[in-house]
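Please read the structure below before turning to the comments.
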Amino acid sequence: MKKIITIIFATIIASVAFSLETATIRITKKGGGVIENKVNLQKQPDGAMRVKIPVKDIKANYRLIDVVADCAYAKKGDKGFFVMGDSSYGEFIYDNGEYSPHHCHMPIFGMKSPNGTFVGIVKGLRHEQIQVVQANNGKYSTFFRYRFDRTFFDPYEDIVVDFYKLPDDAGYSEMAKVYRDYQLKRGEVKLLRERVKNNPALEYTAKSIYVRVKHCAKNSQYSNPEHHAQSVEREAPLSVWFTFDDMKDIMKRIKDLGMNDVEVCSVGWTIRGHDGRHPQYFPVEPAIGGEEKFREAIKFGKDLGFHVNCHINQMAMFYVSDRWDANAVAKKFDGALFLDYFQGGGMAFRPCWKPLYERWVKDDFPRMKNLGLNGIMHVDVTSMIDSYECHDPMHRINKQQMADYMNKVNAYAQEIFGGFASEGCTDHVIKHLDFGLYLWAYPAWYGHSKRLATSYVPFWHLVYHGIVISNPYYCTIDPTYVKEYARSGQPKAYDYLENPTNRWLKVVEYNGRPTFYYLTYKNLEPMKRAYDEYQKLRYLQMQLMEYHSEISKGVFLTRYEYGDEVVVNYTDKPYTYKGQTVLAKNYKLFKK
């Protein structure tokens, strides 16, 4: 189809290849046809070169708008790389493929090629964009794509994209610093070392390991139609793994081994266990001891010197809940309920966070705190997925407004519990996120050509370490243990980090918080080893991560704010750094 060339946003530039002074705006119409415009980038006080498309210029028949910097190209075989907002990293080695992050942790990408080095950051209408990297017959391009085919709201903000030119020798560490500085300077986030002041709950989280005890869950079967829309009278049977008395025993044995700084999370304490009857949480599940035993276990843990918190899920509504109300479920554009996926409580529906915040949260959180909890609140899923829309006429809100209500809930969790923890680390709730259970399922698709990435790098961690506490990845939960998948029912990770030594080294490389979850808790010695090692490294939680690089094949260097360095050696041979030996399959801390 012949392209239609028009002038709608700025003056056409003649032909300036590979410049961070111009960009191409590529518009795909809903009925077909493509419009392309070459535009001048406008210099900003911080040195950024900006593309801005006012709301009034975004027409109703636009399906896609791609914002492509005119230096954002490379060809197969070029030296350099791209890095995306989900921390995926790729070099220019494939002929064809396309990748957009499924869960976009940050609205940013970076690119380094013979054409130059730069980073792009979305600062307007961020919830409607994705990052894209494409390879077509060996020619690479990276760009931001605004998807108006995935929203039924009119644009509610200007499109704003800032590009920053970096020195030719800059890497992903320098790219990450641009976004970190932006987030800090505008007050979106604050340093962890500032936030722990006068906040004993968060201070304890920052220095402790995390132990999650999963008490029980329903044995729901997708093949059983009765389990899809359960009722109290026709509910799936409950499987019990740990009672509150068992939890006390686990905590005592942890303490007896000399582990003093441990935050213990009660998972599945709610009525009918993990993902049982959300958004109903009370009464405390009787099969594991009920509220009296729960209070007793909490007090027992606190008497040992531990902090104890609890786990809930606010991203699911089940028919079986005594709070089931179709009016509180998020609605699709056609009025259909937002159906999510099958869970323990049956088919789950997404709530709209406006009624969730207005109707339940301010009752639930104080009641949970009153159980005696002294740890920060852990809410599953919230920071794992992107924001979404609700078209219910009683509470119709766009993705930005939905994110605003999520943040109101999370801010209230911080107010009541001293901190907010969640499953992932997506950026729309980063303002109130204190701990992320894991970033992503690295490296499930390691080296998959269709996704163009060759690895993950700690791009997110270079932005947020020293701001948000985290465990690196799903596969680094229980890092010092042989995975007990049969116990947890979780799928086996498709990665090369099945070896506990390598998984532990990944935690060290990213200075993650040691996190334990899918265990029988019969053997605590591997946990003790992780605990002892973490005592040497946990002080780094208060420092920004400044630099990361693979300094030799299989050997990685991480440098922190005040010059301390950690070298991790995944290889089978010793490595010498600054005249000192880093043993095979080991690491060494170099203090400044």
Side-chain angles (χ1 to χ4, degrees), residues 30 55 58 60 62-63 102-105 107 122 124-130 146-157 159 228-229 275 277-281 312-343 345-365 379-413 420 422-424 426-433:
K30 291 179 180 176
V55 166
I58 305 173
Y62 291 172
R63 185 171 70 88
H102 177 58
H103 290 289
C104 183
H105 300 100
V122 167
L125 208 61
R126 58 153 296 170
H127 295 287
E128 311 305 333
Q129 64 80 37
I130 57 173
Y146 283 84
R147 305 267 336 230
F148 298 104
D149 56 346
R150 293 187 178 181
T151 177
F152 291 92
F153 280 88
D154 293 333
Y156 45 88
E157 293 176 354
I159 288 175
H228 285 220
D275 292 340
R277 293 184 187 172
H278 303 325
Q280 176 188 354
Y281 307 113
I312 62 170
N313 181 350
Q314 295 177 307
M315 200 63 78
M317 294 186 68
F318 300 113
Y319 283 121
V320 69
S321 173
D322 67 1
R323 287 176 169 175
W324 171 260
D325 182 355
N327 292 323
V329 178
K331 307 298 190 302
K332 298 287 192 177
F333 181 72
D334 60 2
L337 303 184
F338 192 143
L339 180 63
D340 204 342
Y341 63 96
F342 184 78
Q343 299 179 28
M347 296 305 298
F349 294 83
R350 288 268 183 94
C352 177
W353 285 69
K354 186 175 188 293
L356 179 75
Y357 174 72
E358 294 174 344
R359 294 170 60 176
W360 296 313
V361 169
K362 292 194 175 180
D363 290 330
D364 288 339
F365 284 2
V379 182
D380 210 11
V381 184
T382 304
S383 63
M384 192 65 197
I385 64 170
D386 297 327
S387 189
Y388 52 94
E389 300 173 349
C390 176
H391 294 274
D392 190 307
M394 293 187 292
H395 40 82
R396 188 172 185 264
I397 54 178
N398 61 37
K399 293 172 188 172
Q400 180 58 59
Q401 292 167 325
M402 187 74 77
D404 290 341
Y405 275 101
M406 290 181 183
N407 279 299
K408 287 182 179 182
V409 172
N410 304 343
Y412 189 59
F420 167 72
S422 191
E423 184 175 0
T426 48
D427 214 53
H428 68 290
V429 292
I430 204 71
K431 186 179 184 72
H432 299 290
L433 183 65

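Along the sequence shown, residues are numbered consecutively beginning with 1.
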Would Asp427 and Arg126 pass as an ion pair if we require N to O under 4.0 Å?
yes

Quick check: Tyr319 with Phe349 (ring centres under 6.0 Å apart)?
yes

At their closest point, which heavy atom of Tyr388 faces which heavy atom of Ala330, and how far apart are they?
CE1-CB, 3.9 Å

How far apart are the closest heavy atoms of Leu125 and Pro155, and which atoms are they?
CD2-CB, 4.4 Å

Kindly assign one of parallel, tilted or perpendicular to the pair Phe152 and His391, based on the angle between their ring planes and the thresholds 30° and 60°.
perpendicular

Has the side chain of Thr426 got a donor or acceptor atom that lies under 3.5 Å from a matching backbone atom of Ser383?
yes

I'd like to know if the side chain of His395 reaches the main chain of Asn327, judged simply by a donor and an acceptor atom lying under 3.5 Å from each other, with no hydrogens or angles considered.
yes

CG of Asp275 to CD of Gln343: how many Å apart, nearest 0.5 Å?
4.5 Å

So, the side chain of Asn398 versus the backbone of Asp154: is there a donor-acceptor pair under 3.5 Å, distance only?
no

Side chains of Thr382 and Gln314: donor-acceptor distance under 3.5 Å anywhere?
no

Would you give the length of the straight line joining atom NE2 of His278 to atom CD1 of Ile312, rounded to the nearest 0.5 angstrom?
8.0 Å

Looking only at atom types and distance, does a side-chain atom of Tyr357 sit under 3.5 Å from a main-chain N or O of Cys352, one as donor and one as acceptor?
no

Could you tell me which non-hydrogen atom of Phe148 sits nearest to which non-hydrogen atom of Tyr62, and how far apart they are?
CB-O, 3.4 Å

Spacing of CG belonging to Leu337 relative to NZ belonging to Lys331, to within rounding of 0.5 Å:
6.0 Å

Which distance, rounded to the nearest 0.5 Å, do you find between the CH2 of Trp360 and the CG of Asp325?
6.0 Å

Within 45° of the ring axis of Phe153 and under 6.0 Å from its six-membered ring centre, is that where the NZ or CZ of Arg396 lies?
yes

To the nearest 0.5 Å, how far apart are NZ in Lys354 and CD1 in Ile397?
7.5 Å

For Val409 and Phe365, which heavy atoms make the closest approach, and how far apart are they?
O-CE2, 3.8 Å

Asp364/Arg323 ion pair, N-O < 4.0 Å:
yes

What pairs with Asp380 under side-chain hydrogen bond (donor to acceptor under 3.5 Å, both in side chains), at least two apart in sequence or on another chain?
none

In short, Ala348 meets Phe318 closest at the heavy-atom pair CB-CE2, 3.5 Å

Name all residues meeting the side-chain hydrogen bond (donor to acceptor under 3.5 Å, both in side chains) criterion together with Glu128; count only those two or more places apart in sequence or in a different chain, and write none if there are none.
Tyr156, Lys399

Can you tell me how far CG of Leu356 sits from CE of Met402, rounded to the nearest 0.5 angstrom?
10.0 Å

